[in-house]
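Encoded as structure tokens, the structure appears first; notes follow it.
Quick note on labels: first sequence line is chain A, next is B, and so on, each numbered from 1.
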Amino acid sequence: MEREAIIEVRGLRNQFGSQVIHDQLDLDIYRGEVLGIVGGSGTGKSVLLRTILGLNKPAAGRIGLFGKARGDMTPAEERAVERRWGVLFQDGALFSSLTVAQNIQVALKEHLHLPQYLLDEIAAVKIALVGLPVEAGPKFPSELSGGMRKRAGLARALALDPEIVFLDEPTAGLDPIGAAAFDDLIKNLQETLGLTVFMVTHDLDSLYAICNRIAVLAEKRVLVTGTIEEMTRQDHPWIKEYFHGPRGRAAVAAKTRNAMT
Amino acid sequence: MSDQVMATQTWLEVSDDAASLVLRPLGDWVVSHAAVIDQILNHLETHGRRAATFDLSHLGKLDTAGAWLIYRTGRTFERAGAKVTISGATGPQATLLNAVAKGDRPVRVEPHPGNIFTNLIVRMGHALEEAGQTILSLVGFFGLVLETLGKTLVNPRRLRVTSTVYHMEQTGLNAVPIVSLITFLIGAVMAYQGGDQLKRFGAEVFTVNLVAAGFLREMGILLTAIMVAGRSGSAFTAQIGSMKLREEIDAMRTLGLDPMEVLVLPRVIALIIMVPILGFIAAMMGLIGGGLVVWLDMGMSPQMYIERLYSAADFWDGAVAFIKAPVFGLMIAMIGCYEGLKVEGSAESVGQRTTASVVESIFTVIVIDAVFSILFVNIGI
């Protein structure tokens, strides 16, 4: 089956001053997959995410979004593309002066003319989708726990029913139970809404639990991509260390245990 | 054909036979079309239907908003007593319809507003309580500062000299241009306006007395204190506040460093020393500004001006300012540091505390100035 690449990165180069972060980086994101990005600290995982989102201007290279290169787009086309994706930042990045329900409604109000009752109903649906209780709606972000803030952030990312969501370390800062629940939530939503997920993560359990494909960032580019089984067969020292280290083995053991029960 | 009918034909095909209704969604039922589809669905007659069927076989794309509209319409028909069936849904569409059913519960968007008058009284009470608490803990903090100051006097090696000098430069030396400029201009304005009034009584010469008494006793030091509060007091709060946010203060404590000694004392000492110096510069610049106006506007020569200054002001006019200045410096530094240490939670708190710091220190400076005035009048200086 021909896979449709909805985002194509070609020959990307990023540098800050004389420090080169990415050089000749190529990456495809296919429709309907859950792609996990891994890499050591400072390999520019978040920079890659920000570059694809247009928050960071690359020094060179082409970024194709839904079949069109970013440089060739008119501002109107860029805005249209922005409506087709949702982003969950590391700590949710909820607007602190708005309640959770209002946060979800921000993009809907900005882009569409919907009556207030429909806005409220849609907010209720999103809140239920991400597994937040009804009482969370009128609360301000400062009144929520870290896990709830991430769920609220995800609800806001899903406000316009995007085709692809970008998650920046979605399980960082959550306890293991909360992290596992969040993994389940992402998997569930991905299946229910037919989402494509681009996920920057350090969490091996997440990689095993929900990612179809993994891209390893090292040596300033995407070193390899493939399924988790393919990763464990790689010879590159860093990848070996990453997937066969003590934490990697623990994640495999957990996966096998879960598969057996 | 009306717009309503046109729109209906684009999005929904309705076949109506007697009691049963078949609804066939057409096109993409996605959030960007939700408003118009919602309109159409709201116009459907639910009354007296025994059965309603959603036939999704001609539906294009479906997202949560579209699924919600189908679910909600179905629910409305059910409440009106009709039997609702959904046919022709693909697997993912059925999953989505089940998922949105969980969202069928009203969610409040804003917290309960409550009664305006009760809120007003509650807020007043809170503000009053907070003000009382602030005064109490400021007095406590004042004691703490004095204690640390005392300990350092006994054992001067504990004083952070580098830090103190750095803050003296930041708060004192770097403030000289702006303090000079502002007091120079105010001095000129005071002489100009005051001279204009005094001219009516033929008492122009007393403009010099006005400027001398005003600047040496009050204006010079008060303007300085207000500017230092806005410039350095706020900086202290923001610096210490952001350190507090990043847990640097806690880290200091665990390493056995006393934040009072490391952070607060150098700032307090810097202002105690620098505010009098700035105050002196301010008074001089005010006198120069006034002198310039008197010279250009009234033709009084600089020599004459200086002579008249000697007769208009005595020793205590200048000395009074130097009694007040260190106290102002102490208060501004103390409040700035105190508010900084009270920062907690978010970056928003730094902003609130900085505002509070400036307001409180200016307020305190003016209150203390008033107290000093009464005191000096009573002891006759």
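With a 4.5 angstrom heavy-atom cutoff, Leu108(A) touches chain B only via side-chain atoms. Looking at Lys126(A), only its side chain comes within 4.5 Å of chain B, counting heavy atoms on both sides. Contacts of Leu62(B) with chain A are absent, with no heavy-atom separation under 4.5 Å from either backbone or side chain. Using a 4.5 Å cut-off between heavy atoms, Glu191(A) makes no contact with chain B at all.
Rounding to the nearest 0.5 angstrom, the gap separating the CZ atom in Arg83(A) from the OG atom in Ser32(B) is 5.5 Å. Atoms NZ and CG, on Lys61(B) and Asp161(A) in that order, are 11.0 Å from each other to the nearest 0.5 Å. Summarising the geometry, atom CG belonging to Asp104(B) is positioned 8.5 Å from atom CD belonging to Glu121(A); distances are rounded to the nearest 0.5 Å. A distance of 7.5 Å separates CD1 of Ile127(A) from CZ of Arg105(B), quoted to the nearest 0.5 Å. Put simply, CG on Asp63(B) and CG on Leu193(A) are 9.0 Å apart, with the number rounded to the nearest 0.5 Å.
Between Val109(B) and Pro138(A) the shortest side-chain heavy-atom distance does not fall below 4.5 Å.
Your options are Thr64(B), Leu69(B), Thr95(B), Asn98(B), and the one with the most heavy-atom pairs under 4.5 Å with chain A is Thr64(B). No other option in Gln93(B), Lys102(B), Arg108(B) has as many heavy-atom pairs under 4.5 Å with chain A as Arg108(B). Of the listed residues (Thr192(A), Leu129(A), Leu119(A), Ile122(A)), the greatest number of heavy-atom pairs within a distance under 4.5 Å of chain B belongs to Thr192(A).
Around CZ of Phe363(B), the count of heavy atoms belonging to other residues, nucleotides or ligands within 6.0 Å does not exceed 12. Within a 6.0 Å radius of CD1 in Ile177(A), no more than 12 heavy atoms belonging to other residues, nucleotides or ligands are found. Residue-environment remark: CG (Leu255(B)) exceeds the threshold of 12 foreign heavy atoms within 6.0 Å. When the shell of 6.0 Å around CD of Glu344(B) is examined, it contains 12 or fewer heavy atoms from other residues, nucleotides or ligands. Counting heavy-atom neighbours within 6.0 Å of Gln19(A) CD, excluding the residue itself, gives a total of 12 or less. Within a 6.0 Å radius of OH in Tyr117(A), other residues, nucleotides and ligands contribute more than 12 heavy atoms.
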Run the side chain to side chain contact (heavy atoms under 4.5 Å, CB included) check on Arg72(B) and Leu118(A) step by step: do they pass?
CA-CA 11 Å; Arg72(B) 194 190 66 192; Leu118(A) 194 56; 3.7 Å; yes

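Nearest heavy atom pair, residue Asp38(B) against residue Pro115(A), reads OD2-CG, 3.8 Å. Between Ala128(A) and Gly103(B), the shortest heavy-atom contact is CB-CA, 3.5 Å.
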